[in-house]
Amino acid sequence: MYWADELAAQARGPQVVNDSKTPSGTVHVGSLRGPVIHDAVWRALRERGVEARFLYGVDDLDAMDAAALLTADSVDRFMGVPLAHVPPPPGSSAASYARHFVGELFLPTFRRLGIEPEFYWMSEVYGSGRMDPYLRLALDRAERVREIYARVSHVEKPAGWLPVQVICEQCGRVGTTIALDWDGRTVRYECRPDYVSWAHGCGHAGRVAPFGGRATLPWNLGWAAKWSLFGVTIEGCGKDLATAGGSRERSDAIAREVFEREPPRNVMYEFLNVGGRKMSTSRGTGAAAHAIAEVVPGELLRFLFLRPRPHQAIEFDPAGDTIPRLFDEFDRIAAATAGREVKGELPPDHDRLFAHSLVDRSADAATHAAAFRPTFGHLALLLQIPGVEIPARMAAEKGAALGELELAILAERTRAAAAWLATYAPDRARIEVRREGLPAAAAELGEDQRVYLGALALAAETAPPGSGDGWQALLFEVANRAAIPAGRAFGALYVAFLGRTNGPRAGWLLASLEPAFVVARLRAAAGWRPGPAG
RNA sequence: GGGCCCGUAGCUCAACGGUAGAGCGGGGGACUCUUAAUCCCUAGGUUCAGGGUUCGAAUCCCUGCGGGCUCACCA
């Protein structure tokens with residue numbers, strides 16, 4: 001069974017699927033795995049007739065901790081301040097940094113992937129007082145919380161430490177405060193200059209009732225509190241959190257022992273790797289989610305995350321074969337779903353996988369599966385050949401006029417292929433006339449090939465063809481006369497002009513170049529050198 | 001040190017209890033206006049190793065080896 005259906009089949013009663021994200025930092029493609037997985041689980045539940053909601057929390061009261069994202073002069077002032085209270089970047093009309101970030105990067109990407117959860121903002125949830133019961137519970141049971149940290153994660157909190165993060169009344173930072181004394185109504189807190197290394201508190205100390213948005217719960221408690229508040233029954237997490245003694249285990253224990261509720265069903269998901277290493281923006285191996293989304297259409301991106309089971313790491317190298325291969329595998333699954341014969345093994349319930357890859361969840365999967373899809377690699381090649389009418393060419397390949405859906409797919413793939421060629425495509429996928437000089441590979445040309453090129457130069461100089469057709473005819477004619485097999489003749493041309501042994505239709509390629517350049521290059525490749533003057 | 005994931009043809013992976021497969025690469029061939037595209041043929045891999053369960057294991061269990069990630073600061 002398709003993994004999302006397997007999971008859905010185990011659910012009993014109404015379900016609440018939840019996921020969250022702190023809106024800071026660049027989001028690389030790998031971060032999209034969680035949202036796609038949760039969306040698929042939610043869709044699978046609904047499709048089984050299970051009552052289910054899909055929630056997505058924006059943790060915008062978390063502290064700004066990425067200095068790189070702030071302008072130099074605002075680092076001192078805003079590091080450690082809740083993201084909801086940090087002003088947006090210059091020129092943005094958003095109400096806050098968090099709103100800007102989510103609005104600019106998150107929502108558009110989600111929309112392209114057909115992910116439509118119910119969003120909630122933690123700044124609003126805290127502000128409304130709905131978190132107050134959990135804050136109170138956490139404070140009343142602070143001793144137990146400390147014990148859990150020590151037992152589960154071997155983390156020793158300082159004596160008197162309380163599980164709340166007060167927002168400093170003087171400087172507005174949340175990341176720099178420590179709360180120390182709970183009297184049942186208020187806590188005493190200190191905003192310390194050296195509490196964390198990445199932000200500096202102002203030194204203020206005071207007492208405050210930590211409710212109604214004046215304080216937040218630390219990460220693990222906040223997570224567990226959300227489970228209780230929203231009745232979450234399924235929430236996966238990345239494997240970094242799912243490790244023993246890690247965040248998830250801590251939060252699970254807090255849910256059980258502090259908030260007295262069974263934690264949701266976990267779905268551990270693996271990372272997206274580049275070259276066997278975890279994708280990392282700081283290491284320079286990250287590919288920004290929105291950048292990849294430009295090149296890879298939504299259904300393909302969904303497919304990327306849905307094809308492997310969640311616990312399987314995904315090897316993703318945007319500069320390698322990953323992207324074209326992804327298209328091909330998707331097309332194969334589409335063909336199988338449409339009932340066509342395909343090679344190779346199929347994943348379980350490939351039709352379900354296909355349906356879940358579609359961005360529009362109400363779309364008719366059978367219609368989409370049957371639609372004509374141009375091969376990505378082929379499209380990328382055609383795009384580089386002068387004078388190719390792609391829609392007409394595709395209609396010819398299909399053998400019939402393209403329908404509305406097929407034209408839309410073609411347009412999307414054409415855009416994707418163009419973007420791919422402009423960014424990640426490896427050189428061998430690129431066709432480029434080597435204008436700077438004779439490619440080194442020309443040294444490998446055989447004698448018969450040189451003779452052919454020389455003869456061609458002579459013929460072209462005498463009577464230069466004026467069209468692709470004309471060139472093409474000449475190429476064959478000369479090949480015939482020189483008694484060289486067409487394969488070797490054309491191979492020589494590609495080497496001379498492109499530095500590779502194959503390429504697009506040669507006649508049209510040559511027709512797109514100036515005749516003088518063509519003749520000169522043919523001669524050079526043939527081994528002729530301009531003779532000494534006189 | 002603890003945990004999790006992975007280890008299948010050169011590469012990327014599929015199959016997840018029922019006679020080991022695909023794509024790409026490599027090799028060979030077909031198409032006498034295409035060499036791109038397309039199509040056909042070809043890889044014979046002790047499924048990391050060793051035990052165990054089973055009528056039957058790449059697939060389940062145990063151990064070891066190798067690789068990766070992660071936790072012990074914050075979210």
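What you see is a predicted model; the values in this text were computed from it and never measured. Chain letters run A, B, ... following the sequence lines, proteins first, then strands; residues in each count from 1. Excluded from the calculations below are hydrogen atoms, water molecules and symmetry mates; all remaining heavy atoms, backbone and side chain alike, are included.
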Using the C1' atom in both, what is the distance from rU47(B) to rA22(B), to the nearest Å? 15 Å
Ranking G245(A) and P218(A) by the position along RNA chain B of their nearest nucleotide, the one closer to 5' is G245(A)
Write out a two-atom table: protein N or O, nucleotide N or O from nucleotides 60-62 of chain B, distance below 3.5 Å.
none

Which listed nucleotide (rG68(B), rC74(B), rC16(B)) is nearest to the side chain of E270(A)? rG68(B)
Testing rA14(B), rC69(B), rC71(B) for proximity to the side chain of R250(A), the answer is rC71(B)
With sequence neighbours left out, what residues match F303(A) under ring-ring contact (aromatic ring centres under 6.0 Å, His included)? F330(A)
The criterion is side-chain hydrogen bond (donor to acceptor under 3.5 Å, both in side chains); which residues satisfy it with R33(A), sequence neighbours excluded? none
Nucleotide nearest K239(A) when distance is taken to its side chain, options rG68(B), rC71(B), rG21(B): rG68(B)
Any idea which of rA15(B), rC69(B), rA75(B) is nearest the L241(A) side chain? rA75(B)
For Y195(A), give me all partners under ring-ring contact (aromatic ring centres under 6.0 Å, His included), at least two apart in sequence or on another chain. none
So which nucleotide from rC4(B), rC71(B), rA14(B) ends up closest to the side chain of R307(A)? rA14(B)
Is there a donor N/O on one and an acceptor N/O on the other, under 3.5 Å, for the side chain of S247(A) and the base of rA75(B)? yes
Please work out if D328(A) contacts a base, only the sugar-phosphate, or nothing of the nucleic acid, heavy-atom cut-off 4.0 Å. nothing
So if I take every side-chain heavy atom of R325(A) and compare against rU12(B), rC71(B), rC4(B), which nucleotide ends up nearest? rU12(B)
Can you identify which nucleotide, out of rG23(B), rC33(B), rA14(B), has its nearest atom closest to the K343(A) side chain? rG23(B)
Rounded to whole Å, the NZ-C1' distance (K21(A) to rA75(B)) equals 10 Å
Does any nucleotide pair with rA22(B) by Watson-Crick or G-U wobble geometry, both distances under 3.5 Å, and what is it? rU12(B)
On a heavy-atom basis, which atom in R173(A) and which in C202(A) lie closest, and how many Å separate them? NH1-N, 4.3 Å
With sequence neighbours left out, what residues match H311(A) under side chain to side chain contact (heavy atoms under 4.5 Å, CB included)? M268(A), R309(A)
rC31(B) and rG45(B), which share atom name P, separated by this distance in whole Å: 32 Å
If the cut-off is 4.0 Å, is Q312(A) near the phosphate of rA14(B), judged by side-chain N/O to OP1 or OP2? yes
Remember a base hit wins even if backbone is also touched, and classify P308(A) as base, sugar-phosphate or nothing at under 4.0 Å, heavy atoms. nothing
Residues in salt bridge (charged side-chain N to carboxylate O under 4.0 Å, His left out) with R77(A), at least two apart? none
Is there a Watson-Crick or G-U wobble partner for rU54(B) with both distances under 3.5 Å, and if so, which one is it? none
Member of W121(A), F230(A), F119(A) meeting the ring-ring contact (aromatic ring centres under 6.0 Å, His included) criterion with Y56(A): F119(A)
Short side-chain N/O contact from H154(A) to OP1 or OP2 of rC71(B), under 4.0 Å: no
On the 0 to 90° scale, with breaks at 30° and 60°, tag the Y2(A)-H356(A) ring pair as parallel, tilted or perpendicular. perpendicular
Between F476(A) and W198(A), just flag the one whose closest nucleotide in RNA chain B comes earlier from the 5' side. F476(A)
When you compare rA14(B) with rG26(B), how far apart are their P atoms, in angstrom units rounded to a whole number? 24 Å
Looking at rG3(B), rC16(B), rC69(B), which one has an atom nearest to any side-chain atom of T243(A)? rG3(B)
